[in-house]
Amino acid sequence: MKLIEEYSHSGEGYNPFLITEGWQVAILNYSRSEDIDEITNLDVHYETDEAFLLIQGDIVLISASIDADKVTYENVKLKPGIVYNIPKNVWHKVAMKPGSSVLIVEKDKTHLGDFEFHNLNSIQIEELRKDVNSKFSL
């Protein structure tokens, strides 16, 4: 029996690799769908918070409140060594530059169904891109 387990994910995209009762750990590596020029929607989880820890690269954590057609963004560029939490019921997304990677901790099996998407209109997308790009330049 191995006392210390090791996990890694070197491919593109999202990989929940450590799933146990009550929680799961995943790595999200850059993929084209996480590029700010490709982001057209946000997602929300109703049963879990979601914690993020920068592994490497440049990532902006996007959060938003949505009221009818009004989207208000609160975005932050991730810094190493700081854990960022998105509480349940908060719309969010990550924008990533190539070579970036983030560790994600959330309730187990979240990726199997505890999510909903909100499509952004062209004005909301433009506002989001402008704000995220300003955060990337910090």
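Sequence positions, counted from 1, serve as the residue numbers for this chain.
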**Item:** Derivation and outcome, side chain to side chain contact (heavy atoms under 4.5 Å, CB included), residues M96 and I59
**Value:** CA-CA 5 Å; M96 306 173 82; I59 299 175; 3.7 Å; yes
**Request:** Assert yes or no for the condition that the ring centre distance of F17 to Y7 is strictly below 6.0 Å.
**Result:** yes
Nearest non-hydrogen partners of [X] and [Y], listed with the distance:
{"X": "S31", "Y": "G13", "answer": "CB-N, 3.9 Å"}
{"X": "E106", "Y": "D49", "answer": "CB-O, 3.6 Å"}
{"X": "A64", "Y": "V71", "answer": "CB-CG1, 3.9 Å"}

With [X] via ring pair (Phe, Tyr, Trp, His ring centres under 6.0 Å) - residues at least two apart:
{"X": "Y14", "value": "none"}
{"X": "Y46", "value": "none"}
{"X": "F136", "value": "none"}

Which residues share a side-chain contact (heavy atoms from CB on, under 4.5 Å) with [X], sequence neighbours left out:
{"X": "E21", "value": "none"}
{"X": "D43", "value": "H45, H92, K93, F117"}
{"X": "I19", "value": "P16, Q24, D108, H111"}

What residue pairs, at least two apart or across chains, pass salt bridge (Lys or Arg N to Asp or Glu O under 4.0 Å) with a residue in [range]?
{"range": "residues 5-18", "result": "none"}
{"range": "residues 121-138", "result": "D131-K135"}
{"range": "residues 62-88", "result": "D58-K77"}

**Message:** Between K109 and D114, does the side chain to side chain contact (heavy atoms under 4.5 Å, CB included) criterion hold? Intermediate values first, please.
**Reply:** CA-CA 8 Å; K109 302 180 185 117; D114 178 27; over 6 Å; no
Does the [X] side chain pair with the main chain of [Y], one donor and one acceptor, at a distance under 3.5 Å?
{"X": "Y73", "Y": "Q124", "result": "yes"}
{"X": "S100", "Y": "G57", "result": "no"}
{"X": "N29", "Y": "H9", "result": "yes"}
{"X": "Q56", "Y": "G99", "result": "yes"}

**Request:** May I ask you to check whether over 12 heavy atoms, not counting those of I123, lie within 6.0 Å of atom CD1?
**Result:** no
Same hydrophobic cluster for [X] and [Y], using side-chain heavy-atom links shorter than 4.5 Å among ILVMFWY?
{"X": "V44", "Y": "V60", "value": "yes"}
{"X": "L103", "Y": "W23", "value": "yes"}
{"X": "L53", "Y": "I104", "value": "no"}
{"X": "V25", "Y": "I27", "value": "yes"}
{"X": "V83", "Y": "L18", "value": "yes"}

**Complete:** Hits for side-chain hydrogen bond (donor to acceptor under 3.5 Å, both in side chains) against N133, two or more places apart or cross-chain, chain-then-number order -> none
**Item:** Counterpart residues, side-chain hydrogen bond (donor to acceptor under 3.5 Å, both in side chains), relative to D35 (two or more places apart)
**Value:** Y30, R32
**Prompt:** Rounded to the nearest 0.5 Å, how far does CG of N85 lie from OG of S63?
**Reply:** 11.0 Å
**Asked** What is the distance from atom CG of N15 to atom OG of S8, rounded to the nearest 0.5 Å?
**Response** 9.0 Å
Do [X] and [Y] come within less than 4.5 Å of each other through their side chains, counting heavy atoms only?
{"X": "N75", "Y": "L128", "result": "yes"}
{"X": "V94", "Y": "F52", "result": "yes"}
{"X": "V102", "Y": "L78", "result": "yes"}
{"X": "W91", "Y": "I86", "result": "no"}
{"X": "T40", "Y": "L120", "result": "no"}
{"X": "S101", "Y": "L28", "result": "no"}

**Request:** Check V132, I125, I62 against I39 for a side-chain contact (heavy atoms from CB on, under 4.5 Å) and give me the one that passes.
**Result:** I62
**Item:** Which residues share a salt bridge (Lys or Arg N to Asp or Glu O under 4.0 Å) with D37, sequence neighbours left out
**Value:** none
